[in-house]
*Asks:* 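Please read through the structure below; I'll follow up with questions.
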Amino acid sequence: MNSTNMLRTGAAAALAIGGAIAFKTLSTPAKTTQFYSPSQVGAKIEESNASAAEYDFIIIGGGTASLVLANRLTADGKHTVLVLEAGQSGLLVNESVIPTAFSKLQRTRHDWTYETTPQISLNNRKLPWTRTKLLGGCSSGNALMFHLGAPEDYDRWAELQGGESDAEGWTYKSMKKYFTRFEKFVPHPQVPLEDIAERGTNGFMETGYFGYFTPIGKAFIEACDKVGISPVEDVNTSKGTMGVTRTATYIDSKGRRMSTERAYLTPAVLARPNLKVAVGAQVLKIRFDHSAEQPRAIGVEFAQNKGGPVFFARAKREVILSAGAVNTPQILLLSGIGNAKQLADHNIELVKDLPGVGQHLMDHATTNICYALRPGITTAKRVLKPKTLVDGLMLASAVIQYKLFATGPLTMHSQDCMAFTRVGDGPIGTKVLGRPDMDTIAADSTSGKGAPDVEVVVSSLAWRDHGHKDFDVGNAMSITPIYLRPTSIGEITLRSNDPWDKPLIDPRYYTTRRDIETAIRGIRLADVLARTEPLASMIVFDDTAHPLLDHGLNTKSDAQVEDLIRERTETLYHPTSTARMAPLKDGGVVDTSLRVYGVGGLRIVDASVMPEIVSGHTTGPTIAIAEKASDLILRLSNASLTHKIQNGMFLKALRANANMSVLTSDLNILQPVPLSPTTSMRSLLSPDVKAEEVSILDGYQFQTISKPEDILVFEIFETVKDDVMKKIWKLHKVDEIHNTNEVWKLETVNCYQLISYRVEEVPYGVNYYGKVMMNVQEDCVHVRVFRPSEDKGPIKFHSIQTRSSAEGGAVFTLAEPLRRFDY
């Protein structure tokens with residue numbers, strides 16, 4: 001055997017050994033039997049009327065947002081939740097767990113394997129559109145980049161609501177608490193952040209800088225600085241997202257992908273008796289009750305495979321659609337919600353004519369620019385796709401490093417750094433690139449002058465077609481501009497009325513001149529950075545004719561660059577806005593509480609509700625949307641209002657298996673009518689309150705009691721429209737509470753009963769809402785104290801005693817004042 005063959009044989013052997021270790025034994029996932037099959041959570045469709053399983057909430061999809069909801073809605077033990085996921089657990093798939101292996105999930109059974117319709121502006125190419133088919137959704141298969149977008153994005157979301165109810169709840173200031181709520185930032189010794197005050201530290205999703213970082217990343221930051229893109233410590237704060245920085249990741253300190261499955265669906269959560277997670281359960285349609293004036297979602301039909309038995313489960317409170325920006329509009333359309341003409345064309349019975357369903361599709365397009373590197377510069381490709389014996393040994397070494405220390409090349413997430421800037425105007429666009437202000441071509445599409453229009457990322461890998469086409473260049477890197485604020489708007493439509501058929505996906509990339517001009521400028525910027533030191537010294541610019549390399553890019557005309565864009569553009573897999581939150585007149589599908597217009601008991605919680613795509617990556621914003629949605633849902637399902645004592649008399653509402661409720665007849669929403677144990681809630685409503693908005697309160701009865709020494713709580717058990725809730729909030733006022741150091745008794749909810757609490761340092765006359773977390777993972781007790789709204793000082797709770805049964809109890813002493821909690 002000659003030396004060449006020996007070399008090849010040795011490299012192949014090293015690759016085989018290293019690969020086997022890496023993906024077979026390296027990160028052996030724990031087996032679990034805590035998931036259910038479709039037959040275990042639903043009744044066969046032909047038997048469903050008599051024996052359908054019932055849950056308070058049914059969540060369609062087990063994706064990025066879904067598992068946040070599953071965790072939050074079951075935490076207090078009061079609500080039963082069913083999650084329906086078509087795939088399996090991502091924790092059982094090594095390609096999902098090991099950061100650098102994520103591309104191996106694409107175009108497999110763990111991928112929905114979607115593709116676009118032929119894109120006219122991209123030479124009629126069909127683009128593959130990976131959507132991960134695993135629990136955790138795309139958080140189980142993406143490139144693990146932690147980014148929240150620009151603060152201006154969220155203010156723009158609120159602005160687009162046209163003054164609708166609760167629009168301010170979507171501003172950056174309001175959403176900030178949800179960003180910090182989900183995050184658990186873990187400091188890294190190599191990336192000391194001077195200020196972590198704006199980062200979350202107690203959430204479920206670990207973020208940090210545990211991904212592999214190469215010398216190319218360091219050189220890229222220095223090149224950006226020389227060009228005028230300033231290095232910044234953190235692009236995820238209220239200071240904005242402009243600048244260049246090392247990429248923060250969803251990789252934990254053990255070197256594993258931090259998906260929402262790993263974070264929110266822990267073994268302890270899966271063991272909750274009020275949560276069932278079904279895998280291999282593909283949703284076919286939502287079922288509705290049409291007996292009232294508006295249809296109401298009452299359950300879901302699902303199956304394991306085409307031609308197999310169809311099952312049904314009933315939702316007592318809500319169906320929550322959380323299937324992502326592709327599957328959510330598809331399921332709505334299959335269920336009869338969408339454009340009436342499209343539904344008629346597919347012989348689907350109309351439930352609600354909502355033309356906005358599937359419209360306003362937005363996505364981030366990207367064009368990869370590649371350069372060959374000088375000999376001796378180590379890239380990830382040499383380790384991950386070895387060609388020589390030395391490369392094979394490097395892979396084996398990387399496997400050992402990952403196994404022992406959870407570090408090294410196998411923790412690479414493909415993009416070392418991210419840079420955010422404006423190429424449409426400002427110093428980069430007009431001075432560095434020498435171009436006119438974009439406003440002379442088309443209106444600014446960014447969310448604000450402090451927000452970027454382009455992101456540029458750098459990688460020690462080079463590829464075509466997301467790595468699925470051979471890139472036969474030994475040592476190469478890439479710089480990739482991403483076009484953040486597209487004005488080209490697409491749509492998702494049905495291929496047929498068969499739920500097993502894939503939908504039609506038409507992003508309509510680059511159908512506006514502004515998008516093309518932005519893309520040209522982004523590529524010009526990438527090339528400028530490649531030719532700026534110290535990056536330039538790493539690159540060999542000699543071969544300007546190589547078909548896979550872009551060394552001659554600086555000699556190409558704009559027309560030639562445009563041809564390159566149309567030939568090479570791919571998706572970044574960031575689809576949004578196909579069931580967007582917007583006024584109905586503007587094509588909206590959901591209101592500011594994420595409820596589907598004109599349909600009761602149906603809510604959408606995923607990236608499809610984004611009014612516009614964010615200026616960055618979509619996983620973090622989607623998780624924050626789900627955190628906010630859980631508050632919206634629980635607020636209306638468990639909202640408690642304390643009302644004024646009036647003449648020593650209370651009105652106590654009773655319902656079977658429900659908690660004590662209290663109303664006073666001095667609220668303008670109520671009519672002053674005689675009360676008795678048979679008085680109905682509906683008879684108390686003022687004429688201006690629509691009956692369907694509070695129809696769920698039917699069945700309540702009232703009686704009078706006289707216990708002026710007790711504070712009683714009004715519990716709302718079902719979803720009530722926000723405008724009704726707001727009338728109650730705004731009209732009610734507590735005048736005073738005396739004796740601030742006495743012990744007050746408060747009856748509370750099902751699983752955990754608050755026995756007593758003692759308050760210190762509370763001023764006379766209080767009006768305050770406090771929240772005490774007993775256990776951040778599991779249990780929560782809500783405590784209310786009232787004081788004047790102008791009094792902003794802290795309230796100190798001395799102790800809180802709780803019990804889960806009549807026999808046992810525990811006292812918790814609080815070291816810090818409670819934080820203010822605003823609805």
Side-chain angles (χ1 to χ4, degrees), residues 68 99 139 143-154 171-213 217-218 221 224-225 229-260 262-264 406-407 411 413 415-420 450-452 455 457 614-628 771 773 776-777 794 815-821:
V68 178
S139 76
L144 304 108
M145 301 171 74
F146 172 63
H147 184 246
L148 301 172
E152 292 87 345
D153 295 341
Y154 302 93
T171 62
Y172 179 81
K173 181 180 179 181
S174 297
M175 290 295 291
K176 180 67 176 176
K177 63 183 175 183
Y178 298 111
F179 300 144
T180 55
R181 178 190 290 184
F182 82 68
E183 184 186 12
K184 182 180 181 180
F185 175 73
V186 181
H188 191 285
Q190 294 180 5
V191 193
L193 297 186
E194 293 181 5
D195 182 12
I196 62 170
E198 292 197 49
R199 302 298 290 270
T201 56
N202 296 311
F204 295 125
M205 290 289 291
E206 269 195 44
T207 68
Y209 296 91
F210 291 97
Y212 186 62
F213 190 67
K218 183 176 183 295
I221 291 176
C224 284
D225 191 19
I229 304 173
S230 299
V232 292
E233 183 179 74
D234 195 346
V235 291
N236 289 301
T237 74
S238 59
K239 297 175 184 177
T241 195
M242 300 287 275
V244 60
T245 190
R246 177 172 170 174
T247 303
T249 66
Y250 298 103
I251 299 174
D252 69 12
S253 55
K254 297 180 180 179
R256 305 170 302 182
R257 171 185 293 275
M258 180 54 63
S259 66
T260 56
R262 183 178 297 282
Y264 285 88
T407 60
T411 65
H413 53 94
Q415 309 293 348
D416 289 37
C417 302
M418 48 174 59
F420 295 91
E455 175 187 4
V457 295
V614 294
S615 306
H617 300 261
T618 52
T619 297
T622 301
I623 297 172
I625 287 170
E627 287 281 11
K628 178 177 174 65
K771 182 178 179 183
M773 299 304 294
V776 73
Q777 296 275 349
E816 298 179 352
L818 297 178
R819 293 181 299 169
R820 187 175 183 86
F821 184 92

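This one's a predicted model, so the numbers in the text were calculated from it and none came from an experiment.
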*Asks:* The test is side-chain contact (heavy atoms from CB on, under 4.5 Å); show your working for Thr245 and Glu233 and say whether it passes.
*Replies:* CA-CA 6 Å; Thr245 190; Glu233 183 179 74; 6.0 Å; no
*Asks:* What class does the angle between the rings of His147 and Phe420 fall in, given that below 30° is parallel, 30 to 60° is tilted and above 60° is perpendicular?
*Replies:* parallel
*Asks:* Mind checking what makes side chain to side chain contact (heavy atoms under 4.5 Å, CB included) contact with Met242, not counting sequence neighbours?
*Replies:* Arg422, Pro452
*Asks:* Once you round to the nearest 0.5 Å, how far does CD of Glu627 lie from NZ of Lys177?
*Replies:* 11.0 Å
*Asks:* Please identify each residue that fulfils side chain to side chain contact (heavy atoms under 4.5 Å, CB included) with Ala451, with sequence neighbours left out.
*Replies:* Ala150, Glu152, Ser447
*Asks:* Does the side-chain contact (heavy atoms from CB on, under 4.5 Å) test come out yes or no for Met205 and Tyr250, once each step is laid out?
*Replies:* CA-CA 7 Å; Met205 290 289 291; Tyr250 298 103; 3.6 Å; yes
*Asks:* Report yes if the side chains of His617 and Thr619 come closer than 4.5 Å at any heavy-atom pair, otherwise no.
*Replies:* no
*Asks:* With side chains defined as the heavy atoms from C-beta onward, is the minimum distance between Arg257 and Arg262 less than 4.5 Å?
*Replies:*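 SC-SC contact between Arg257 and Arg262 ruled out.
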*Asks:* Roughly how far, to the nearest 0.5 Å, is CZ of Phe213 from CG of Asp416?
*Replies:* 5.5 Å
*Asks:* So, for Tyr154 and Tyr178, is the gap between ring centers shorter than 6.0 Å?
*Replies:* no
*Asks:* Tell me whether the rings of Phe179 and Tyr172 are parallel (<30°), tilted (30 to 60°) or perpendicular (>60°).
*Replies:*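 Plane angle between 30° and 60°, so tilted.
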*Asks:* Please check: side-chain N/O of Thr411 versus main-chain N/O of Tyr212, any donor-acceptor pairing under 3.5 Å?
*Replies:* yes
*Asks:* Drop me the distance from Ile251's CD1 to Arg256's CZ, to the nearest 0.5 angstrom.
*Replies:* 12.0 Å
*Asks:* If you round to the nearest 0.5 Å, how far is CG of Asn236 from OG1 of Thr207?
*Replies:*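 If we round to the nearest 0.5 Å, Thr207:OG1 and Asn236:CG are 8.0 Å apart.
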*Asks:* Could you name each residue pair satisfying salt bridge (charged side-chain N to carboxylate O under 4.0 Å, His left out) that touches residues 197-211, not counting sequence neighbours?
*Replies:* Lys176-Glu198, Glu183-Arg199, Arg199-Asp234
